Number of protein chains: 2
Amino acid sequence: MKKTILAFSLLILALLLLFQFSKYSIVTGNAEIEIIFAVIAIVFFVVGYVIHKKSLTQKHMGQGDIDNDKIKALDISDREYEVLQLIHEGLSNKEIGEKLFLSESTIKTHVSSLLVKLNAKRRTQAIQIAKSQHII
Amino acid sequence: MKKTILAFSLLILALLLLFQFSKYSIVTGNAEIEIIFAVIAIVFFVVGYVIHKKSLTQKHMGQGDIDNDKIKALDISDREYEVLQLIHEGLSNKEIGEKLFLSESTIKTHVSSLLVKLNAKRRTQAIQIAKSQHII
DNA sequence: TTTGCTATCATACTAAAGTACCAAAGCTTT
DNA sequence: AAAGCTTTGGTACTTTAGTATGATAGCAAA
């Protein structure tokens, strides 16, 4: 965020300099007016392009990102959430256990409580609900 | 797509008129040079903003759309694809059967061949693979 | 018509998934 | 220290999921 502020400060500074240079050039007759127009047009075109890109990146983050508040609201613990992510990746309980160095029993316990908390009957349904709630 | 071409044609025309108007204003001394700069800057800022917005919208469509060619390439039949979609929605084989008016046996057959064609071991993995291949 | 393909369904089986209940270790908070 | 919490793990059980195999019906191309 600090980088963004710095970058925009520098950008505004550069634009002011461009303006001043343009005026000076016209007064001294060192540049064609069309060229100055073109430079300004190109610069602001790029600025507009980049700004929308940035805003949309943030928006995209907001859409695709996980809703941590929702996870807490659903009372899902850290471990349970880890298991949920691995379910989402298509792993079996056994594979999840191996990945987290836990027994299959423990995974089953976590999965069962996940299903209750997500109000799902199956792990596939849990994936769907989790996605609709933006917690995955 | 035709609308896009038309819109951009009109936009370019407007910009040319703006340029001509600017030059004329300077010659006749009817406008301040700063105002013309500002107008050009604003217009091109908006143009850059809108163009990026459009490009990203199209990109987003491309990501979310299904790749029908891929489905054919994987040799997935219509029925199998229907089953795949319902698996994705989190339904059990029995529920899928009831929804499609088929026996659970038939669904199992379809699911099995889907798993082979998608090179998946489980239905949850099939969902993941299908999504990564943009067929869901 | 014969061949080949798909869709359908069944049986029988194995393998996961999920439930219920219990229990102990570890950790905070009171 | 005792109470309360999560995490972990086990046993025993039921329910889904998935595999293997075979069989029938329909439909389209050779």
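In what follows, chains carry the letters A, B, and so on, assigned in the order in which the sequence lines appear, proteins first and then strands, with residues in each chain numbered from 1. If you're wondering where the values come from, they're calculated on a predicted model, not measured in any experiment.
Near DNA chain D, meaning a heavy atom under 4.0 Å from it, residues 73-84 of chain B has no residue at all. Contacts of residues 106-119 of chain B with DNA chain D (heavy atom under 4.0 Å): K108(B), V111(B), S112(B), L115(B). Taken residue by residue, residues 90-104 of chain B places heavy atoms nearer than 4.0 Å to DNA chain D at S92(B), N93(B).
Using a 4.5 Å heavy-atom threshold, the side chains of K131(B) and I127(B) count as touching.
Here dT16(D) presents its P atom at 13 Å from CD of Q125(A), a figure rounded to the nearest Å.
With values rounded to the nearest 0.5 angstrom, Q133(B) atom CD is found 14.0 Å from I66(B) atom CD1. Atoms CD1 and CD1, from I136(B) and I129(B) in turn, are 11.0 Å apart once rounded to the nearest 0.5 Å. T124(B) OG1 to Q128(B) CD: the interatomic distance, rounded to the nearest 0.5 Å, is 8.5 Å. Atom CZ of F44(B) sits about 8.5 Å away from atom CZ of F45(A), to the nearest 0.5 Å. Atom CD in Q125(B) sits 5.0 Å away from atom CZ in R122(B) (nearest 0.5 Å).
Applying the 6.0 Å contact sphere to NZ of K121(A) captures no more than 12 heavy atoms from other residues, nucleotides or ligands. Residue-environment remark: NZ (K94(B)) stays at or below the threshold of 12 foreign heavy atoms within 6.0 Å.
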Side-chain atoms of residues 111-119 of chain B: list all donor-acceptor pairs with protein atoms under 3.5 Å, sequence neighbours left out, distances to 0.1 Å.
from: S112(B); atom 1: OG; to: K108(B); atom 2: O; distance (Å): 3.3
from: S113(B); atom 1: OG; to: E80(B); atom 2: OE2; distance (Å): 2.9
from: S113(B); atom 1: OG; to: T109(B); atom 2: O; distance (Å): 3.4
from: S113(B); atom 1: OG; to: H110(B); atom 2: O; distance (Å): 2.9
from: K117(B); atom 1: NZ; to: D75(B); atom 2: O; distance (Å): 2.7
from: K117(B); atom 1: NZ; to: E80(B); atom 2: OE1; distance (Å): 2.8
from: K117(B); atom 1: NZ; to: E80(B); atom 2: OE2; distance (Å): 3.1

Which donor-acceptor pairs under 3.5 Å do side chains of residues 81-92 of chain B form with protein atoms, sequence neighbours excluded?
from: Y81(B); atom 1: OH; to: I135(B); atom 2: O; distance (Å): 2.9
from: E82(B); atom 1: OE1; to: R79(B); atom 2: NH1; distance (Å): 2.9
from: S92(B); atom 1: OG; to: E95(B); atom 2: N; distance (Å): 3.2

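Protein chain B contacts DNA chain C from dA7(C) to dA17(C), reading 5' to 3' and using non-hydrogen atoms of the protein with a distance under 4.0 Å.
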